[in-house]
Amino acid sequence: MADNILDRFKENTEEAVIDTSRKMRVGIIGTGWIAEAHLESYRHQPDVEIVAGADLVEGKAEAFFEKFGMKVKCYRSHVEMLDDESLQLDAVSICTYNRTHAECAIYALKKGVNVLLEKPMCVTLEEAVEIRRAEKESGKVLSIGFQPRLDENMKMIKKIVESGRLGKVYYIQTGGGRRRGIPTPYGTSFIEDKTAGIGALGDIGCYSLDMVLNAIGYPRPLTVSGYKSAFFGTRPDYYPTHPEYADKFEVDDFAAAFIRLEGDIILDFRIAWAMNMDTPGDTIILGTEGGLRIPSTECWNGSVGGEMVLYQEVCGQQTETRIPIIGENNNNFGELFDRKIRSFIDAIKNHTEAPVPSAQIIYNQAIIDGIFKSAEAGHEIEITIPEC
């Protein structure tokens, strides 16, 4: 019986033929560590040419491309690059600090350039609304960098929900965390307000939210009661070699929330960069006809931690169907990044919808923003998303 159930979710896939007669010209804005993944994946695409780069730090962009043996025209800001190159550029990847996501994306879209915007979409809901408006006015492709969505195991979660085997979904528990995982190996850009704006909430919380919200069709969030804290990031002893980082820590290292969604669905959420636990628990999706358990991982970055379990009642018997992990490379960071880049380029070339559209991720950002604002206010708040 288990095999028959799993067979219903299988798809036939054929490898697409890539037209290389014209190279897509791409620029990279921000040349920190995540830009390396973008650059490597673009280089794997036979129809892409990286022609420009920009970074606010003098000489950083030049050194970045030289590291990869590339000669690329470099600029000191996204404005300089886009003013000079926008007529030649097909697309840009925005790999800057969270705080500058919105201004870079809006400027690129207004210049008529397609945008792949790294996660989180931005810092505030207000910024997300302005990005969405700029996108609609431009008519260009804007995709948000949620590569875990392209994992076949993540797709399986959505297929199970859409199959109706869970019935009406009414409650979701999700989140993720790291026992010790504040991302300071990359300096302090992730932990200072002037660069990051939000911490664990934006860094890995957005992945956790996307996993379940995408599966259930991204219903509109209605209210949120949120909490956030920074008990670990502000401790000098957390950083044995850099105790001074504690004074620079200005974001959240833990957050939790109780969120009401359209369709009478409750979302119970928690996320952590650091905690005295290996995991805050598996993701579970409860429905009137079945339940789905999605194992967590010890260092959560938006992946499925093991075989999922589908719980149902069949002819009065309580049954469990185990769903094995699909493929060996589906949780591989590089492989998923290649899929992210490929899907973005294909959307531009084929004039199709963005693989991770802002029309969905604005709800993701609204929840993050709502958690932050509710935590600051100390009570539940309504989530109001302006028309855009």
Inset, instruction - Apply side-chain contact (heavy atoms from CB on, under 4.5 Å) to Glu58 and Arg76, showing your working. - result: CA-CA 7 Å; Glu58 186 172 0; Arg76 284 292 304 279; 3.6 Å; yes
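- A 6.0 Å sphere centred on CD of Glu80 holds more than 12 heavy atoms belonging to other residues, nucleotides or ligands.
- Checking Lys23, Lys349, Arg22 one by one against Asp90, the salt bridge (Lys or Arg N to Asp or Glu O under 4.0 Å) holds for a single residue, Arg22.
- At most 12 heavy atoms of other shown residues, nucleotides or ligands fall within 6.0 angstrom of atom NZ in Lys248.
- Inter-residue side-chain proximity for Ile28 and Ile50 is flagged as met; some heavy-atom pair is nearer than 4.5 Å.
- Using a 4.0 Å cut-off between charged nitrogen and carboxylate oxygen, Glu320 and Arg322 count as a salt-bridge pair.
- At least one side-chain heavy atom of Val356 sits under 4.5 Å from a side-chain heavy atom of Arg149.
- Judged by distance alone, with hydrogens and angles left aside, the side-chain atoms of Thr279 form a donor-acceptor pair with the main-chain N or O of Gly281 at under 3.5 Å.
- Taking SG from Cys388 and CD1 from Ile131, the interatomic distance works out to 10.5 Å, rounded to the nearest 0.5 Å.
- Put simply, the residue from Asp253, Asp252, Val123 that forms a side chain to side chain contact (heavy atoms under 4.5 Å, CB included) with Leu201 is Asp252.
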Inset, instruction - Run the numbers on Asn350 and Thr352 for side-chain hydrogen bond (donor to acceptor under 3.5 Å, both in side chains), then give the verdict. - result: CA-CA 5 Å; Asn350 299 328; Thr352 53; 5.1 Å; no
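- The distance from atom CZ of Phe249 to atom CD1 of Ile191, rounded to the nearest 0.5 Å, is 6.5 Å.
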Inset, instruction - Go through the steps for Ser374 and Tyr227 under the test side-chain hydrogen bond (donor to acceptor under 3.5 Å, both in side chains), then give the verdict. - result: CA-CA 7 Å; Ser374 171; Tyr227 168 86; over 6 Å; no
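- In this structure, Ile284 and Ile294 have side chains that are not in contact, with every pair of non-hydrogen atoms separated by 4.5 Å or more.
- Within the 4.5 Å cutoff, no side-chain heavy atoms of Leu39 are placed close to those of Glu36.
- With no hydrogens or angles considered, a side-chain donor-acceptor pair links Ser41 and Asp338 at under 3.5 Å.
- Residue Gly306 comes nearest to Ile325 through the heavy atom pair O-CD1, 3.5 Å, listed as atom of the first residue, atom of the second, then distance.
- Using a 4.0 Å cut-off between a side-chain N of Lys or Arg and a carboxylate O of Asp or Glu, Lys373 and Glu126 qualify as a salt bridge.
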Inset, instruction - Could you go through the salt bridge (charged side-chain N to carboxylate O under 4.0 Å, His left out) check for Glu335 and Arg339 one step at a time? - result: CA-CA 6 Å; Glu335 173 69 19; Arg339 295 182 194 180; 3.4 Å; yes
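- Grouping the Ile, Leu, Val, Met, Phe, Trp and Tyr side chains by contacts below 4.5 angstrom, directly or via other members, places Tyr97 apart from Ile368.
- Within a 6.0 Å sphere centred on CG of Asp84, heavy atoms belonging to other residues, nucleotides or ligands number more than 12.
- With respect to Lys194 and Glu250, no salt bridge is recorded, no charged nitrogen being found less than 4.0 Å from a carboxylate O.
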Inset, instruction - Output, in order, the C-alpha distance, side-chain angles, deciding distance and verdict of side-chain contact (heavy atoms from CB on, under 4.5 Å) for Arg43 and Val48. - result: CA-CA 7 Å; Arg43 294 177 77 181; Val48 171; over 6 Å; no
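- Transitive grouping of hydrophobic side chains (ILVMFWY, heavy atoms separated by less than 4.5 Å) brings Phe231 and Ile271 into a common cluster.
- Arg260 CZ: 12 or fewer foreign heavy atoms inside a 6.0 Å radius.
- For Lys119 and Tyr207, the positive end sits near the middle of the six-membered ring, less than 6.0 Å away and at most 45° from its axis.
- More than 12 heavy atoms of other residues, nucleotides or ligands sit less than 6.0 Å from atom CZ of Phe232.
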Inset, instruction - Would you sort out whether Glu162 and Lys159 count as a salt bridge (charged side-chain N to carboxylate O under 4.0 Å, His left out), showing the intermediate values? - result: CA-CA 5 Å; Glu162 291 180 342; Lys159 290 175 188 176; over 6 Å; no
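- Contact check for Tyr171 versus Ile285: no side-chain heavy atoms found under the 4.5 Å cut-off.
- No more than 12 heavy atoms of other residues, nucleotides or ligands shown are found within 6.0 angstrom of NZ on Lys110.
- For the pair Asp237 and Pro243, the minimum side-chain heavy-atom distance is 4.5 Å or more.
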Inset, instruction - Report the C-alpha distance between Leu286 and Tyr311 in whole Å, list the side-chain angles of each, state the deciding distance to 0.1 Å, and finish with yes or no for side-chain contact (heavy atoms from CB on, under 4.5 Å). - result: CA-CA 9 Å; Leu286 297 182; Tyr311 298 82; over 6 Å; no
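- Phe372 carries Lys228 over the face of its six-membered ring, with the cationic atom under 6.0 Å from the centre and within 45° of the normal.
- Contact check for Leu142 versus Ile144: side-chain heavy atoms found under the 4.5 Å cut-off.
- The pair Glu137-Arg133 does not meet the salt-bridge criterion, since no charged nitrogen lies less than 4.0 angstrom from a carboxylate oxygen.
- Within 6.0 Å of CZ on Arg293 lie no more than 12 heavy atoms contributed by other residues, nucleotides or ligands.
- Here the straight-line distance linking atom CG of Asn364 with atom OH of Tyr218 works out to 4.0 Å at 0.5 Å rounding.
- In this structure, Phe190 and Trp33 have tilted ring planes: the angle between them lies in the 30° to 60° band.
- To the nearest 0.5 Å, the span separating CD1 on Ile367 from CG on Leu261 amounts to 5.5 Å.
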Legend entry - Worked verdict on Asp83 versus Tyr75 for side-chain hydrogen bond (donor to acceptor under 3.5 Å, both in side chains): CA-CA 11 Å; Asp83 283 352; Tyr75 298 86; over 6 Å; no
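- Rounded to the nearest 0.5 Å, atoms CD (Glu130) and OG1 (Thr124) are 9.5 Å apart.
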Inset, instruction - Might you work through the salt bridge (charged side-chain N to carboxylate O under 4.0 Å, His left out) test for Glu118 and Lys340, ending with a clear yes or no? - result: CA-CA 11 Å; Glu118 255 307 323; Lys340 173 167 75 173; 2.6 Å; yes
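- Arg342 has a carboxylate O that lies under 4.0 Å from a charged side-chain N of Asp47, or vice versa, which qualifies the two as a salt bridge.
- The local environment of NZ in Lys168 is crowded, with over 12 non-hydrogen atoms from other residues, nucleotides or ligands closer than 6.0 Å.
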Inset, instruction - Go through the steps to decide whether Thr319 and Gln312 satisfy the test side-chain hydrogen bond (donor to acceptor under 3.5 Å, both in side chains), and finish with yes or no. - result: CA-CA 5 Å; Thr319 66; Gln312 290 185 295; 5.1 Å; no
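- The pair Asp151-Lys155 does not count as a salt bridge, with every side-chain nitrogen at least 4.0 angstrom from each carboxylate oxygen.
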Legend entry - CA sep, side-chain torsions, deciding dist, call: His38, Ile341, side-chain contact (heavy atoms from CB on, under 4.5 Å): CA-CA 7 Å; His38 282 253; Ile341 296 297; 4.0 Å; yes
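- With respect to Lys111 and Glu85, no salt bridge is recorded, no charged nitrogen being found less than 4.0 Å from a carboxylate O.
- Under the 4.5 Å side-chain heavy-atom criterion for grouping Ile, Leu, Val, Met, Phe, Trp and Tyr, Leu56 is not connected to Val72 through any hydrophobic cluster.
- For the atom pair OG1 of Thr288 and CG of Leu166, the computed distance is 8.5 Å after rounding to the nearest 0.5 Å.
- Side-chain contact check for Phe68 versus Glu40: some heavy-atom pair is nearer than 4.5 Å.
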